[in-house]
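Labels below follow one simple rule: chain letters A, B, ... track the order of the sequence lines, proteins then strands, and each chain is numbered from 1. The basis for the numbers below is simple: all heavy atoms, side chains too, and nothing from hydrogens, waters or symmetry mates.
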There are 2 protein chains.
Amino acid sequence: MIFSSELIKGTLKTIVLKLLAENKKMYGYEITQTVKEITKDRIQLTEGALYPTLHALEADGLLTTETEYIGKRVRKYYSLSPKGKTKAKERVNEFAEFIETMQDLLAIKPKLA
Amino acid sequence: MIFSSELIKGTLKTIVLKLLAENKKMYGYEITQTVKEITKDRIQLTEGALYPTLHALEADGLLTTETEYIGKRVRKYYSLSPKGKTKAKERVNEFAEFIETMQDLLAIKPKLA
DNA sequence: TTTAAATACATAATACACTTATGTATTAAT
DNA sequence: ATTAATACATAAGTGTATTATGTATTTAAA
């Protein structure tokens with residue numbers, strides 16, 4: 001099952017921030033492959049979504065970059081800035097609470113009453 | 001905490017379908033209030049989002065409507081069609097799986113291996 | 001008693017985030 | 001030699017929600 005893109009909307013920044021929080025530095029293509037692996041292809045990060053998001057996070061001062069050359073091919077590594085580390089924790093916590101709230105609403109978890 | 005609207009995006013239809021699956025018939029304003037209550041104000045359904053969504057679900061044949069008058073004030077009740085009932089289950093199941101996948105990704109739930 | 005808040009619908013303009021499509025270029029595999 | 005994978009990037013289009021606005025009735029508060 002591949003999730004409808006509607007669901008994934010709004011979680012992309014959270015995913016990127018969390019992956020970078022755990023991996024110190026990653027490059028764009030690596031992020032797409034990691035997400036593919038962990039989610040067993042159920043979440044497909046398209047490059048058209050990822051690269052603009054990385055640029056936006058960088059513009060917000062949450063990420064820093066360093067460019068490396070692998071042979072003649074460019075590789076742009078992203079890392080969390082101090083501000084980005086804080087933001088990563090915030091986002092993950094927010095998502096955890098969001099899940100709990102949605103479980104109340106969808107009664108996936110039985111409600112006390 | 002009020003969730004960033006980014007997160008809520010894409011879950012609105014799921015929420016509406018699930019509420020109707022449990023309540024037989026509901027009207028728009030009632031849905032907004034029910035969501036407010038269950039989520040303790042953490043999810044705010046705006047009318048500008050809800051009404052167009054209800055109309056879209058109706059246009060898709062997932063909802064049927066009946067109008068009632070409370071005094072002089074109109075009240076439009078929505079119910080799930082058979083197609084809507086199926087869709088409601090699908091959406092809730094999809095969301096449950098989405099949560100699991102995201103938990104793997106965000107390591108909220110500790111990963112084996 | 002009149003004014004504000006709550007109930008109840010609706011739509012239009014705007015903003016945002018993602019998809020789809022396209023483009024360039026290098027390296028590895030068939 | 002050709003295709004697939006790696007690796008970046010941007011532009012046009014779409015969808016979904018936000019914000020703003022509008023109408024009207026009913027209830028509560030000043």
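- OP1 or OP2 of dA17(D) lies within a sub-4.0 Å distance of a side-chain N or O belonging to T53(B).
- The CD atom of E37(A) sits 10 Å away from the P atom of dT6(D) (whole-angstrom rounding).
- Here CD of E100(A) is found 10.0 Å from CD1 of I99(B). Values are rounded to the nearest 0.5 Å.
- Contacts of E47(A) with the nucleic acid, taken as non-hydrogen atoms under 4.0 Å apart, include base atoms.
- The side chain of H55(A) contributes an N or O atom lying less than 4.0 Å from OP1 or OP2 of dT10(D).
- Regarding Y29(A), its OH atom lies at a distance of 20 Å from the P atom of dT24(C), rounded to whole Å.
- Checked by distance alone, R73(B) brings no side-chain donor or acceptor within 3.5 Å of a matching partner on the base of dT26(D).
- Atom CZ in R75(B) sits about 12 Å away from atom C1' in dT25(D), given to the nearest Å.
- Of the side-chain N and O atoms in K72(A), none sit less than 4.0 angstrom from OP1 or OP2 of dA7(D).
- Spacing between atom CE of M26(A) and atom P of dC8(D) amounts to 11 Å, rounded to whole angstrom units.
- At a threshold of 4.0 angstrom between heavy atoms, the contacts of G48(B) include nucleobase atoms, whether or not backbone atoms are also involved.
- Contact check for Y78(B) versus I31(B): no side-chain heavy atoms found under the 4.5 Å cut-off.
- Residue pairs satisfying the side-chain hydrogen bond (donor to acceptor under 3.5 Å, both in side chains) criterion with at least one member in residues 54-68 of chain B, sequence neighbours excluded, are listed as follows: K25(B)-E68(B), E58(B)-T65(B).
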